[in-house]
Amino acid sequence: MPGQITVSLPDGSSRTLDAGATAADLAQSIGRRLARAAVAAVVDGAEVDLARPLPDGAKVEIVTNETPAGRTVLRHSAAHVLAQAVLRLWPGAHFAIGPPIADGFYYDFELPGGARFSEEDLGRIEEEMRRIAAEDQTFHREEHTIAEGLEIFSDQPYKSEIIRAVAEGAAGEEDAGELAGAGERPVSVYANDGGFVDLCRGPHVPSTGRLAHFKLMRVAGAYWRGDEHRPQLQRIYGTAWESSAALAEHLHRLEEAEKRDHRRLGVELDLFSFPDEIGSGLAVFHPKGGLVRKVMEDYSRRRHEEAGYSFVNSPHITRSDLFEISGHLDWFADAMYPPMELDEGHRYYLKPMNCPFHILIYRSRQRSYRELPMRLFEFGSVYRYEKSGVVHGLTRVRGMTQDDAHIFCTRDQMAAELRSLLVFVLDLLRDYGLSDFYLELSTRPEGKAVGTNEEWEEATETLRTVASTMDLDLVMDEGGGAFYGPKISVQARDAIGRTWQISTIQLDFQLPQRFQLEYVGADNSRHRPIMIHRALFGSVERFFAVLLEHYGGALPAWLSPVQARVLPVRDDHEGYAEAVADRLRSEGLRVDTAGASEPLGARIRKAKLEKLPYVLVVGDDDVAAGTVGVNRRGSERPERGVDVGPFAAALAEDVARRDPGPR
RNA sequence: GCCCGAGUAGCUCAGUUGGUCAGAGCACCCGCCUUGUAAGCGGGUGGUCGUCGGUUCGAAUCCGACCUCGGGCUCCA
């Protein structure tokens, strides 16, 4: 029928509309609720504004605000409004890029006269954003030529730079969200009724009035194009959601995440601290934290022993010669503590890595192919002079202990060795309670690497092949390898879905050459081994932090510093409480008692705040019957009259099996 | 390293414009209470207000430098 178009919907149905109808009209024709929730549309596979007229025969999908794609549109639009607000408040400000990100958005600015945002400015900016939202300004999309684009943004150096990058076909991925399509008029901009124009590919919500549930979170510095040699801009982070409930839920999640922050739990549970007197990024572990570490390490040692590793030890400090040979002083020096001058000009360095030491152990005598693979393991403490701004709790420190091992093997052995290693890694991590993994392959860091292209290619391909057999997602990290070789890292998602880099496995053809390592083969001639560097925890400190956050401080019984506390109801039950504690200790359990100087409720509360797996209460009935009252972490109500012997045996069994509960 | 912010008792925090502003709760110590599943009562110890310097008659409060921490950027186990 002339004057009408027909479009098809995702459910296979089709609808007929007047010619010139937009995606908004389509949504409206389907239902008011859909129209209200609609923020954009996907027309024949491309995301477009709701105001775009639909071509006849198009496949159309309405994007609603509560979907991931819809939230992205909301957030991109909110970033746009943020920029509009800032330019209203600071006339002459320059704005750079403002993309949506996970849970929110940001925008980078440069204020006139070198002015800087402070946290207090966020309130004013947010107010201005609300005003713009209240004005319900329409977003108008326009497409321009390069020349027109440069004219529109003639007073905006960062926008101009992006447009010129498009013109030269050199637009990076970062810019992609900022620009437009192809063809003669590749510069797409969005203009608001208020006279504000931003470079943007879109789509945007139809008007600013659709944005209501947003909040500015923080202000931070950020280098232009992520390059520390370029100007530093001011970045404002915000979050935006489709409803106030979704926003509130997001803020609540942030609060919950804060409660399981390992730095906070470290203080609350008396596990570790960072005394100022020692210096930034250098932790001390208190008795309870030290005990958790010991349990972690003991189990790791046991597993390594079973997996055919040999245990070695090496000093924390070495003469510079070692790191000259290894190449660390050429490639890693800026992450090393400066040297100590000793013994008439000899320079000594704290070690930032263990590998050269293990290499010297290998090289201490002639090796036969019969000894390979040789797996040398050490809990090796290393020191790295991290830049002051990057130190962060136990996850980024200046002194750490790696569960480090170096495997020396033949080229023929390396694929099988890597494969069994990956299985070993994942199996071990699962025993500590992590179960959701993916792999990352880091390739040659251009300009910061030793070795030939062929060697890197072979090493990288070997890792890729092995990784691809693991039935896990594999993502690329171009240029993220170590200076001597590519690496696979194991990333784990924790209980609330955050990802952490845990293990790293690096394949190295370089250090064996630099140290001229050899083994005598079956053919009676000398060959060069290759090396695998691997740390499964990454560092004991970081892994400790990850586990603390994963469990929210409620460590499973096998890792818990105190597995059960016995509480006598009255003074006269203390003897029995001690007897119960001793009975449990005889099963190898870690148990303490808390006498009746405080009311039972108060002692229960303290034990709960310490997140102990079990609190055992003993009173008259228990003394008479040889039982305990069991208050198990995570269970609704306590269980009375439990026989001590079976309880002790069951708990000991849970510990032996590294049972993950109770939480 | 860079940008923003913060450092007041072991912890969490109050301290208006510089002048009894050195405080509270928890923790800790001492008493009393003798308790059946998340805070019993009373008393007490404890801080040169991150450090050093400056402004001032007078600084926790204003200024500067440094240290440490937090949020980011860059970097990374």
Side-chain angles (χ1 to χ4, degrees), chain A residues 106 108 116-122 217-237 258 261 263-264 267-268 270 273-281 332 334-335 352-353 382 384-397 400-404 442 445 480 482 487 489 500-504 506 533-543 545-546 567-574 595-610 615-622 628-632 635-641:
Chain A
Y106 67 80
D108 288 349
R116 304 282 181 188
F117 295 119
S118 77
E119 301 277 345
E120 286 96 68
D121 293 324
L122 293 183
M217 305 299 285
R218 57 181 59 99
V219 53
Y223 298 104
W224 170 233
R225 298 192 171 226
D227 182 345
E228 63 180 320
H229 304 295
R230 300 210 211 202
Q232 188 168 43
L233 309 175
Q234 296 276 107
R235 175 170 298 176
I236 294 176
Y237 284 92
E258 211 172 299
D261 188 315
R263 294 164 300 183
R264 173 185 178 132
V267 175
E268 286 175 0
D270 194 13
S273 60
F274 291 90
D276 283 357
E277 294 83 346
I278 299 178
S280 181
F332 206 74
D334 55 352
M353 290 190 193
V382 298
R384 297 184 185 175
Y385 188 74
E386 299 290 350
K387 287 198 263 183
S388 63
V390 308
V391 169
H392 180 95
L394 287 176
T395 62
R396 197 72 188 276
V397 292
M400 61 173 157
T401 300
Q402 296 181 308
D403 60 329
D404 207 2
S442 300
K487 70 179 179 192
S489 44
W500 304 83
Q501 178 174 324
I502 313 282
S503 316
T504 67
Q506 300 165 342
H533 306 235
R534 37 112 296 166
L536 305 195
F537 293 163
S539 77
V540 178
E541 289 80 2
R542 171 179 285 175
F543 195 62
V546 170
L567 306 181
V569 173
R570 281 193 321 269
D571 281 355
D572 50 320
H573 305 126
E574 279 181 20
S597 62
E598 289 178 297
L600 182 63
R603 286 176 285 151
I604 299 266
R605 179 166 188 273
K606 281 179 184 164
K608 291 293 180 186
L609 291 176
E610 288 180 50
V615 180
L616 307 177
V617 175
V618 295
D620 289 336
D621 301 348
D622 300 293
V628 293
V630 177
N631 187 325
R632 181 185 159 104
S635 66
E636 284 294 311
R637 58 189 53 197
E639 189 183 349
R640 292 281 297 272

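Because only heavy atoms are used, hydrogens play no part in the values below, and waters and symmetry mates are left out as well, while side chains stay in. We name chains A, B, ... by the order of the sequence lines, and we start the count at 1 in each one. Remember, it's a predicted structure, so these values are computed and weren't measured experimentally.
When heavy atoms are screened at a 4.0 angstrom cut-off, Asp621(A) is found touching base atoms of the nucleic acid. Residue contacts shown for Glu268(A) are absent, as no nucleic acid heavy atom lies under 4.0 Å away. Glu598(A) comes within 4.0 angstrom of a nucleotide base, judged by non-hydrogen atoms across all strands. Ala602(A) comes within 4.0 angstrom of sugar-phosphate atoms only, judged by non-hydrogen atoms across all strands, and of no base. Ser388(A) comes within contact range of at least one nucleobase, with a heavy-atom separation under 4.0 Å. At the heavy-atom level, Ser503(A) lies nowhere under 4.0 Å from the strands shown.
Note on Asp227(A) versus Arg230(A): salt bridge recorded, some NZ/NE/NH1/NH2 to OD/OE distance being below 4.0 Å.
Taking atom P in both rC49(B) and rG31(B), the straight-line distance is 34 Å, to the nearest Å. Distance check on atom P: rU8(B) versus rC13(B) gives 9 Å, rounded to whole Å. The separation of rU12(B) from rA27(B), taken at their C1' atoms, amounts to 11 Å, rounded to a whole angstrom. To the nearest whole angstrom, the two C1' atoms, one in rC28(B) and one in rG47(B), are 15 Å apart.
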### Watson-Crick and G-U pairing of RNA chain B, under 3.5 Å, as dot-bracket with | and [ ]
(((((((..((((.....[...)))).(((((.......))))).....(((((..]....))))))))))))....
### Query
For Leu616(A) and Val630(A), what are the C-alpha separation, side-chain angles and deciding distance, and is it a side chain to side chain contact (heavy atoms under 4.5 Å, CB included)?
CA-CA 5 Å; Leu616(A) 307 177; Val630(A) 177; 3.9 Å; yes
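Distance alone, capped at 3.5 Å, is enough to place a donor-acceptor pair between the Asp403(A) side chain and the Leu536(A) backbone.
Among the nucleotides rG36(B), rA38(B), rA77(B), the one closest to any side-chain atom of Arg605(A) is rA38(B). Of the candidates rG1(B), rU34(B), rG36(B), the closest approach to any side-chain atom of Asp571(A) belongs to rU34(B). Residue Arg396(A) places its side chain closer to rC75(B) than to any other of rU74(B), rC75(B), rU37(B). The side chain of Gln501(A) approaches rA77(B) more closely than any other nucleotide in the set rA77(B), rU74(B), rU34(B).
By the salt bridge (charged side-chain N to carboxylate O under 4.0 Å, His left out) test, Arg218(A) is found to be paired with no residue, residues two or more places apart in sequence or in another chain being considered. Judged as a side chain to side chain contact (heavy atoms under 4.5 Å, CB included), and not counting sequence neighbours, the contacts of Arg605(A) are Leu609(A). Residues passing the salt bridge (charged side-chain N to carboxylate O under 4.0 Å, His left out) test with Arg640(A) are Asp621(A), sequence neighbours excluded. Here Tyr223(A) pairs with nothing under the side-chain hydrogen bond (donor to acceptor under 3.5 Å, both in side chains) rule; sequence neighbours left out. Arg542(A) is linked by a side-chain hydrogen bond (donor to acceptor under 3.5 Å, both in side chains) to nothing, counting only residues two or more places apart in sequence or in another chain. Val382(A) pairs by the side chain to side chain contact (heavy atoms under 4.5 Å, CB included) definition with Lys351(A), Asn354(A), Arg384(A), Met400(A), Gln402(A), not counting sequence neighbours. For Asp270(A), the side-chain hydrogen bond (donor to acceptor under 3.5 Å, both in side chains) partners at least two apart in sequence or on another chain are His286(A).
If you check distances only, the side chain of Asp622(A) does reach the base of rG36(B) with a donor-acceptor pair under 3.5 Å. With hydrogens and angles ignored, no donor-acceptor pair under 3.5 angstrom links the side chain of Lys608(A) to the base of rU37(B). Judged by atom type and distance alone, Arg116(A) does not reach the base of rC3(B) through any side-chain donor-acceptor pair under 3.5 Å.
Nearer the 5' end of RNA chain B, as judged by each residue's closest nucleotide, is the contact made by Phe274(A), out of Phe274(A) and Ser539(A). Annotation: of the two residues near RNA chain B, Val615(A) and Asp276(A), the 5′-most nearest-nucleotide partner is Val615(A).
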Set out, line by line, the N/O atom pairs under 3.5 Å between protein and nucleotides 70-73 of chain B.
from: rG70(B); atom 1: OP1; to: Arg263(A); atom 2: NH1; distance (Å): 3.1
from: rG70(B); atom 1: O3'; to: Arg263(A); atom 2: NH1; distance (Å): 3.4
from: rG71(B); atom 1: OP1; to: Arg263(A); atom 2: NH1; distance (Å): 3.4
from: rG71(B); atom 1: OP1; to: Arg263(A); atom 2: NH2; distance (Å): 2.9
from: rG71(B); atom 1: OP2; to: Arg263(A); atom 2: NH1; distance (Å): 3.2
from: rG71(B); atom 1: OP2; to: His392(A); atom 2: ND1; distance (Å): 3.3
from: rG71(B); atom 1: O2'; to: Arg218(A); atom 2: NE; distance (Å): 2.5
from: rG72(B); atom 1: O3'; to: Tyr237(A); atom 2: OH; distance (Å): 3.1
from: rG72(B); atom 1: O2'; to: Tyr237(A); atom 2: OH; distance (Å): 3.4
from: rG72(B); atom 1: N2; to: Gln232(A); atom 2: NE2; distance (Å): 3.3
from: rC73(B); atom 1: O4'; to: Gly221(A); atom 2: O; distance (Å): 3.0
from: rC73(B); atom 1: O2'; to: Tyr223(A); atom 2: N; distance (Å): 3.0

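Going from atom CD of Gln234(A) over to atom C1' of rU74(B) covers 16 Å, rounded to whole Å. Following rounding to the nearest Å, Glu277(A) (CD) and rG50(B) (P) show an atom-to-atom distance of 15 Å.
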